[in-house]
Amino acid sequence: MMMKTSSGDTYQAIYAIVVRIPFGFVATYGQIALLAGYPGCARQAGYALAALENNSSIPWHRVVNARGCISPRSNDGLGGLAQRSLLEAEDVCFDDRERIDLKRFQWRVVMSGDKKIE
DNA sequence: CATTTGACATCTT
DNA sequence: TAAGATGCCAAAT
C-alpha cells in the first residue's frame, strides 16, 4: 500500500513543475526531474505521478517519456488511453507509432540562474 | 539499516 | 530505426 503522506519535498517539487506545463505542450520525466531540482531522477517523476489521485488537479497527462510516447503503467491495463485522448484534445498530434513529435510539442524552458522563464 | 521496486534515460547491438 | 541491456535515485517495506 502506497503511503500518500510522503516526505513531500521531492513529490511537491515535481508536481510544481508539472502544473507549470502550458496547455498544448508536453514534458519528459527527465526534464521535469531536472527542473524540479533532481537531475537524473526521471523515475521519481513518474513515481510521483503514480502516487497522484485521480481527482488531482495535476496535468499528469502532459508528461511523457523521452521517446515522446505514453509509458505503459503497471497498475492499469488501460495503459494511458485517457492520457492520449487528453493530449489529442490539446492539439497534440500522435503519429502512427503512438508517439508525439517532441520537436514541436515539448515544453521549452530557459533556466536563468535560479529563475526559470517559460 | 538493507532490500526491492518503479508512469525513466541512455548506451550498445 | 528498433529492440535489449545497464545505470540512476528516491521512496516504501
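Proteins get letters first, then strands, A, B, ... in listed order; numbering begins at 1 in each.
Put simply, CG on A:Asp9 is 8 Å from P on C:dA11, counting in whole angstrom units. The interatomic distance linking A:Arg73 (CZ) with B:dC8 (C1') rounds to 14 Å, in whole Å. Put simply, OH on A:Tyr11 is 17 Å from P on C:dC9, counting in whole angstrom units. Remark: P of C:dA2 and CD of A:Glu98 are 13 Å apart, rounded to the nearest angstrom. What separates OH of A:Tyr47 from P of B:dA9 is a distance of 17 Å, to the nearest Å.
Contacts between residues 63-71 of chain A and DNA chain B, counted as heavy-atom distances below 4.0 Å, involve A:Asn65, A:Ala66, A:Ser71. If you check residues 21-44 of chain A against DNA chain C, the residues with a heavy atom closer than 4.0 Å are A:Cys41, A:Arg43, A:Gln44, listed by number. The stretch residues 81-92 of chain A has no heavy atom under 4.0 angstrom from DNA chain C at all.
Between A:Glu90 and A:Arg62 there is a salt bridge, since at least one side-chain N of the basic residue sits less than 4.0 Å from a carboxylate O of the acidic one.
Annotation: the span from A:Thr10 atom OG1 to A:Tyr15 atom OH amounts to 10.0 Å, rounded to 0.5 Å. If you take CD1 on A:Ile58 and CD1 on A:Ile14, they are separated by 11.0 Å, rounding to the nearest 0.5 Å. With values rounded to the nearest 0.5 angstrom, A:Ser85 atom OG is found 7.0 Å from A:Leu81 atom CG. Taking CZ of A:Arg20 as the start and CD of A:Glu118 as the end, the distance is 7.5 Å to the nearest 0.5 Å.
For the pair A:Gln83/A:Arg73, a side-chain contact is recorded, criterion being any heavy-atom separation below 4.5 Å from C-beta on. Counting heavy atoms from C-beta on, the side chains of A:Pro59 and A:Val19 come closer than 4.5 Å. A 4.5 Å side-chain heavy-atom check between A:Val18 and A:Leu49 finds at least one atom pair inside the cut-off.
A:Ile100 belongs to a hydrophobic cluster whose other members, connected by ILVMFWY side-chain contacts under 4.5 Å either directly or through intermediates, are A:Val26, A:Val64, A:Ile70, A:Leu87, A:Val92, A:Phe94, A:Leu102, A:Phe105.
Counting non-hydrogen atoms of other residues, nucleotides and ligands closer than 6.0 Å to CG of A:Asp96 gives a total of 12 or fewer.
When atom types are taken as modelled, the side chain of A:Asp9 and the backbone of A:Gln12 share no donor-acceptor pair closer than 3.5 angstrom.
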Expected rows: protein N/O vs nucleotides 11-13 of chain B N/O, under 3.5 Å:
none

Show every donor-acceptor pair shorter than 3.5 Å between a side-chain atom in residues 28-36 of chain A and any protein atom, with sequence neighbours excluded, or say none if there are none.
| from | atom 1 | to | atom 2 | distance (Å) |
| --- | --- | --- | --- | --- |
| A:Thr28 | OG1 | A:Gln31 | N | 3.2 |
| A:Gln31 | OE1 | A:Gln106 | NE2 | 3.2 |
| A:Gln31 | NE2 | A:Trp107 | O | 2.8 |

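A:Tyr11 and A:Tyr38 fall into different hydrophobic clusters, where Ile, Leu, Val, Met, Phe, Trp and Tyr side chains are chained together by heavy-atom contacts under 4.5 Å.
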